[in-house]
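Okay, so here's the structure we're looking at.
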Amino acid sequence: MGTYRTHHCSELRPEHAGQRATLAGWVATKRDHHGVIFIDLRDRDGVTQVVFRPEQNPEAAKLSHGLRSEDVISVSGVVETRSEATVNPNLATGRIELVADALTILNKSEVPPFPLDDPSVNEDLRLQYRYLDLRTPTMHANLRLRHKVTKAVRDYFDSQGFFEIETPILSNPTPEGARDFLVPSRLHPGDFYALPQAPQQYKQLLQVGGLEKYFQIAKCFRDEDLRADRQPEFTQIDVEASFVGQEDIIALCEGMLRRIWKDAQGIEIPEKFPRMTYREAMDRYGSDKPDIRFGLELVDLTQDFLSSDFKVFRGIAESGGVIRALNAKGAAPLLSREQLKKWEEWAKSEFRAKGLAYIKWAPGGEWDSPIVKFFGEAEKKAIVEKLNFAEGDIVFFGADKRDAASEVLGRVRLRVAEVLGLIKAAGDRLAFLWVVDFPLLAYLPEEHCWTAVHHPFTRPNADDVPKMERGEYEDLRAVAYDVVLNGIELGGGSIRIHERDLQAKMFAALGIGPEEQQRKFGHILKAFSFGAPPHGGIALGLDRLVMLMAQADSIREVMAFPKNNRGMDLMSGAPLEVEPKSLRDLQIAVTKRA
RNA sequence: GGAGUCGUAGCUCAAUCGGUUAGAGCGCCGCCCUGUCACGGCGGAGGUUGCGGGUUCGAGCCCCGUCGACUCCGCCA
């Protein structure tokens with residue numbers, strides 16, 4: 001029994017009737033009848049109706065007239081069951097009320113600058129007064145869910161023999177990947193720490209250190225532009241283990257996600273998730289993280305256009321590109337020619353698509369299309385047969401290099417699904433998916449060199465190592481995998497290279513010479529020369545995971561104190577100018593102020 | 001860096017083709033009200049239409065610029 005209260009505001013039930021109780025919390029609403037006065041008292045756990053009766057307790061009742069929203073109070077009284085007519089079925093405590101005989105106003109509140117728990121309120125206002133926004137049941141539920149998820153993660157990995165180990169926040173700058181947040185060193189003027197983009201190097205070094213099974217709920221930092229699902233600091237569920245292969249990590253991760261959904265929401269998810277290769281995902285869905293809750297798959301028409309009179313498509317087909325199409329079944333009545341024109345502009349401006357050709361077959365109408373006049377009977381037949389094209393449909397075309405054509409159609413696919421209401425119709429279905437066999441290397445045309453898709457320590461598929469040794473870097477597969485939920489990447493990982501020879505071949509493929517290797521990866525290479533065990537792991541975005549579980553549309557909704565779109569904390573004002581003395585200590589001169 | 005949407009009372013929004021004194025709901029303040037739970041009734045206060053400039057007899061509305069919020073592309077695994 002505490003100092004301020006005996007129960008929480010969600011606790012009292014008819015069986016407490018007749019007992020004395022003291023509650024503490026915030027005034028949610030007041031209904032003042034000038035005689036009897038009702039207060040909805042809110043705390044973290046719920047709401048209880050408090051009633052003040054002037055004929056029974058005049059002192060308390062008199063004081064209660066002055067209460068306002070968000071005042072903090074403590075009330076004592078006797079629990080009474082409500083009469084049948086006054087029961088509130090919408091309230092967990094709606095069968096009782098607390099008849100107050102003593103009221104203490106612990107702290108008055110100013111009038112709040114916005115109505116709490118109104119989803120239409122401007123987000124910048126909510127962020128400016130985040131401490132008020134956090135009072136709402138929605139934010140409480142989100143943060144409670146987040147706690148349950150992290151607890152489930154810890155319980156799960158503990159049960160699997162993993163150690164939770166913290167890795168440094170003041171870390172070393174890395175040239176690869178995202179832009180680092182830098183922290184100047186006072187003791188070494190001119191030198192900088194970097195905040196970790198991920199604990200990648202440390203978790204591998206923990207394996208060299210023989211810890212065998214590591215996990216961490218790890219803060220990560222990336223100085224890149226923000227998005228609804230991207231913040232400059234975010235949290236990963238980071239995992240690494242020794243003497244494991246891809247199947248071990250996949251099974252471990254499936255077990256973790258099962259545990260998370262079960263413990264946090266009481267939901268059973270499948271024991272095993274379906275799998276798809278990267279190649280298949282790109283070809284069928286135009287995405288490396290396909291939403292498989294609905295069909296709308298891409299269809300290849302390259303062969304059908306090899307002998308077409310339509311020179312644009314034939315030219316692309318002949319020069320190694322692909323012609324692909326997507327049937328937006330039933331979309332014709334939903335999209336006007338003007339809207340389709342806008343879609344084409346959108347595809348061109350946002351995805352550098354060369355165009356977005358289409359055929360619209362309005363119900364009772366003809367084929368309406370800017371390009372169909374160039375098509376012969378053979379192509380038309382192929383379109384009808386292969387795409388099941390019928391009245392009421394719109395077919396979209398992508399013609400480009402293999403993945404580029406698919407990617408544009410992949411975006412169109414999602415937009416079509418939105419228009420057709422397929423995403424809404426999928427409701428709360430959970431479609432987990434493993435995408436495996438990611439490519440090891442990607443060619444950078446501008447720089448005429450190859451780069452690691454995941455990172456340079458990612459293990460090549462054993463079957464592809466001979467190709468790699470021959471210098472054939474096209475289509476090499478990595479032992480790398482992503483776990484996807486409803487079209488959103490939850491996380492990804494890989495089995496790593498632990499042998500010096502293989503690592504040397506990898507660096508050769510990346511065109512990284514011995515000197516550069518030493519400079520960029522010296523300490524890791526040295527560590528690997530002292531008997532590094534085979535190892536691998538995975539990392540999952542905790543914020544995105546909780547966002548999906550909470551059915552929120554931004555990770556800001558599942559973070560207590562997020563930054564806005566431009567990386568500012570609207571509550572504290574960070575980032576801020578600092579005192580000249582602070583800069584002098586660091587021997588830093590600011591040359592330009594925005 | 002680029003594109004889009006938006007910016008009117010504390011909050012959410014409206015304001016016809018450019019035309020009288022910029023409205024509504026909620027909130028707030030005052031009075032009334034003894035069983036409400038979105039309590040109810042009456043009354044009231046509250047506006048640099050983001051900011052700057054331009055066109056016009058006249059601008060919340062049109063034009064130019066600028067600032068800010070969000071979404072997306074680039075960037076980021």
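Order of the sequence lines sets the chain letters (A, B, ...), proteins ahead of strands, with each chain counted from 1.
We find that A:Asp283 and A:Arg324 are joined by a salt bridge, their nearest charged nitrogen and carboxylate oxygen being less than 4.0 Å apart.
Here B:rA77 presents its P atom at 11 Å from CD of A:Gln200, a figure rounded to the nearest Å. The CZ atom of A:Phe181 sits 15 Å away from the P atom of B:rC76 (whole-angstrom rounding). Taking atom CG of A:Leu444 as the reference point, atom C1' of B:rC75 lies 14 Å away to the nearest angstrom.
Donor-acceptor pairing under 3.5 Å is lacking for the side chains of A:Tyr285 and A:Asp291.
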Enumerate all atom pairs, one protein N or O and one N or O from nucleotides 1-11 of chain B, separated by less than 3.5 Å.
from	atom 1	to	atom 2	distance (Å)
B:rG10	O2'	A:Pro113	O	2.5

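The same atom, P, is picked in B:rC11 and in B:rG27; the two are 15 Å apart, to the nearest Å. Taking atom C1' in both B:rA9 and B:rG65, one finds a spacing of 27 Å when rounded to whole Å. Comparing B:rC76 with B:rU12, their P atoms are spaced 36 Å from each other, to the whole Å. Distance check on atom P: B:rA59 versus B:rG74 gives 44 Å, rounded to whole Å. Here the separation of B:rU16 from B:rC6, taken at their P atoms, is 16 Å to the nearest Å. Separating the C1' atom of B:rC29 from that of B:rU36 is a span of 22 Å, rounded to the nearest Å.
In this structure, A:Arg415 reaches neither bases nor backbone, as no heavy-atom distance under 4.0 Å exists between it and the strands shown. A:Arg126 comes within contact range of no nucleotide atom at all, as no heavy-atom separation falls under 4.0 Å. The residue A:Asp223 sits apart from the nucleic acid: no heavy atom pair falls under 4.0 Å. Residue A:Arg544 is classed as having no contact, given no heavy-atom separation below 4.0 Å to the nucleic acid. Within the nucleic acid shown, A:Gly541 has no heavy atom closer than 4.0 Å to any nucleic acid atom.
Contact of the A:Leu116 side chain with the A:Glu70 side chain is registered, since non-hydrogen atoms from C-beta on lie closer than 4.5 Å.
The stretch residues 46-56 of chain A touches RNA chain B through A:Gln49, A:Arg53, A:Glu55, each having a heavy atom within less than 4.0 Å of the strand. Contacts between residues 228-240 of chain A and RNA chain B, counted as heavy-atom distances below 4.0 Å, involve A:Ala228, A:Arg230.
Nucleotide B:rA24 forms a pair with B:rU12, judged by Watson-Crick or G-U wobble geometry with both contacts under 3.5 Å. Of all nucleotides present, none satisfies the Watson-Crick or G-U wobble test against B:rG74 with each distance under 3.5 Å. The base-pairing partner of B:rU56, taking Watson-Crick or G-U wobble contacts with both distances under 3.5 Å, does not exist among the strands shown. Taking a pair to require two hydrogen-bonding distances under 3.5 Å in either a Watson-Crick or a G-U wobble arrangement, B:rC29 pairs with B:rG43. In a base pair of the Watson-Crick type (N1 to N3 plus N6-O4 or O6-N4) or a G-U wobble (N1-O2 and O6-N3), with each distance short of 3.5 Å, B:rG68 is matched with B:rC6.
Residues satisfying the salt bridge (Lys or Arg N to Asp or Glu O under 4.0 Å) test with A:Asp133, not counting sequence neighbours, are A:Arg126, A:Arg130. Qualifying ring-ring contact (aromatic ring centres under 6.0 Å, His included) partners for A:Tyr193, counting only residues two or more places apart in sequence or in other chains: none. Judged as a ring-ring contact (aromatic ring centres under 6.0 Å, His included), and not counting sequence neighbours, the contacts of A:His16 are A:His7.
Using bins of under 30°, 30° to 60° and over 60° for the plane-to-plane angle, the ring pair A:Phe273/A:Phe432 lands in the parallel bin. Between A:Phe221 and A:Phe181, the angle of the ring planes goes over 60°, which puts this pair in the perpendicular group of the 30/60° scheme. In this structure, A:Tyr129 and A:Phe114 have tilted ring planes: the angle between them lies in the 30° to 60° band.
For A:Glu97 against B:rG35, a side-chain-to-base donor-acceptor contact under 3.5 Å is present.
Residue order along RNA chain B, read from the 5' end via each residue's closest nucleotide, puts A:Phe38 first among A:Glu123 and A:Phe38.
Remark: A:Arg415 is positioned above the aromatic ring of A:Trp346, its terminal NZ or CZ atom under 6.0 angstrom from the ring centre and at most 45 degrees off the axis.
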